[in-house]
Amino acid sequence: MNILNTKTAILNTIREKATLKQQVYQNTKEIFEDLRDVLEGLVLEYNAELQDADEKVLLEYEDRGEFEFQIKVASDILVFSLHTNVFQFNRDHNVWEQNYVRTNPDNAYSGIINIYNFLYDSFKYARYDDLGYLVARIFINREKHYIVEGKRQMGLLQTDLSASMATKESLRRIVETAINYSLNFDLLVPPYDNVKIMSVAQIFEKMQNARIQTGKRLGFQFKSDDV
């Protein structure tokens, strides 16, 4: 009898969780496609306003496949990446303090869209050792509710999972805030001690490929609440 009950419990869990996670992933995929549309439209709109500017500062959109696309803004690139897995928030996360999640823990299962900031030159010159930074991540649940976690400058755009619906308008706010943050997240001179020694191999590689590791905060501690 115990074996039968265990088997039933396992089968029910598989059915329920598989269905739930498929719904969450499908929602996240749909929102990712909406985000793609928002980004393409935003590039056209901004470039129309920049017609009198140097063409080097025009925004550029690049589709990098089903799970990734990017936008170039001045000397920065923002990469938008869809994670193919579904996650549940850990028990220390503040979403568990919200009635929306406490009354139905299924609402805590979320897909993730990550937004990374890289230097344009890192891609242009194939500097594979250069660093990028996670600017924000968007969590989408089974009801297309969302929250955004990001740098303090991102303003934590939305932290109430029950009160938010992922629409093209809200996605545009997220994109523009991420762009604004990245443009003002300046490249700092690395600490002297980090660059004072260079091997012969490194200098030859630098001369051939301009590949000295670079990142906006290289050599500095970069925290999730960095100011």
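Note that these values count all heavy atoms, side chains included, but never hydrogens, waters or copies made by symmetry.
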**Q** Roughly how far, to the nearest 0.5 Å, is OG of Ser162 from CG of Asn141?
**A** 10.0 Å
**Q** Could you check Arg173 against Glu169 for salt bridge (charged side-chain N to carboxylate O under 4.0 Å, His left out), going step by step and ending with a plain yes or no?
**A** CA-CA 7 Å; Arg173 287 197 299 271; Glu169 290 74 19; over 6 Å; no
**Q** Checking Trp96 side chain against Ala108 main chain: does a donor-acceptor pair fall under 3.5 Å?
**A** no
**Q** Please check: side-chain N/O of Ser170 versus main-chain N/O of Ala166, any donor-acceptor pairing under 3.5 Å?
**A** no
**Q** Within a strict 4.5 Å, meaning less than it, do heavy atoms of the Glu62 and Ile77 side chains meet?
**A** no
**Q** So, applying side-chain contact (heavy atoms from CB on, under 4.5 Å) with Tyr61, which one of Val43, Leu44, Leu42 is it?
**A** Val43
**Q** Is it the case that the side chains of Tyr120 and Glu60 hold a donor-acceptor pair, with the cut-off being a distance below 3.5 Å and no angle test?
**A** no
**Q** Could you check whether any side-chain heavy atom of Lys72 comes within less than 4.5 Å of a side-chain heavy atom of Lys124, counting everything from C-beta outward?
**A** no
**Q** Is the shortest heavy-atom distance from the side chain of Phe123 to the side chain of Gln70 under 4.5 Å?
**A** yes
**Q** Flag the pair Arg137 / His83 as yes when at least one side-chain heavy-atom distance between them is below 4.5 Å, and no otherwise.
**A** no
**Q** Going by distance alone, is a donor N or O of one side chain under 3.5 Å from an acceptor N or O of the other, for Glu68 and Tyr116?
**A** no
**Q** Are Val175 and Phe80 side-chain neighbours, meaning at least one heavy-atom pair lies under 4.5 Å?
**A** yes
**Q** Using side chain to side chain donor-acceptor pair (under 3.5 Å) as the criterion, list what pairs up with Tyr109, not counting sequence neighbours.
**A** Lys17
**Q** Does any N or O in the side chain of Asn47 come within less than 3.5 Å of the main-chain N or O of Leu59, such that one atom is a donor and the other an acceptor?
**A** yes
**Q** Is the closest side-chain heavy-atom distance between Ile31 and Tyr146 below 4.5 Å?
**A** no
**Q** If I compare all heavy atoms of Val57 with all of Ala53, which pair ends up nearest, and what's the gap?
**A** CG2-CB, 3.7 Å
**Q** Can you confirm whether Lys29 sits close enough to Phe67 that some side-chain heavy atom of one is under 4.5 Å from a side-chain heavy atom of the other?
**A** yes
**Q** Which value, rounded to the nearest 0.5 Å, describes the distance between Asn107 atom CG and Leu161 atom CG?
**A** 6.5 Å
**Q** Side-chain contact test, heavy atoms from C-beta onward, threshold under 4.5 Å: evaluate it for Val73 versus Ser182 and give yes or no.
**A** no
**Q** Taking all non-hydrogen atoms of both residues into account, name the closest pair between Val95 and Val101 and its distance.
**A** O-CB, 3.4 Å
**Q** A quick test of your reading: do over 12 heavy atoms of other residues, nucleotides or ligands sit less than 6.0 Å from CD of Gln22?
**A** no
**Q** State whether the side chain of Asn27 and the backbone N or O of Arg142 hold a donor-acceptor pair below 3.5 Å, judged by distance alone.
**A** yes
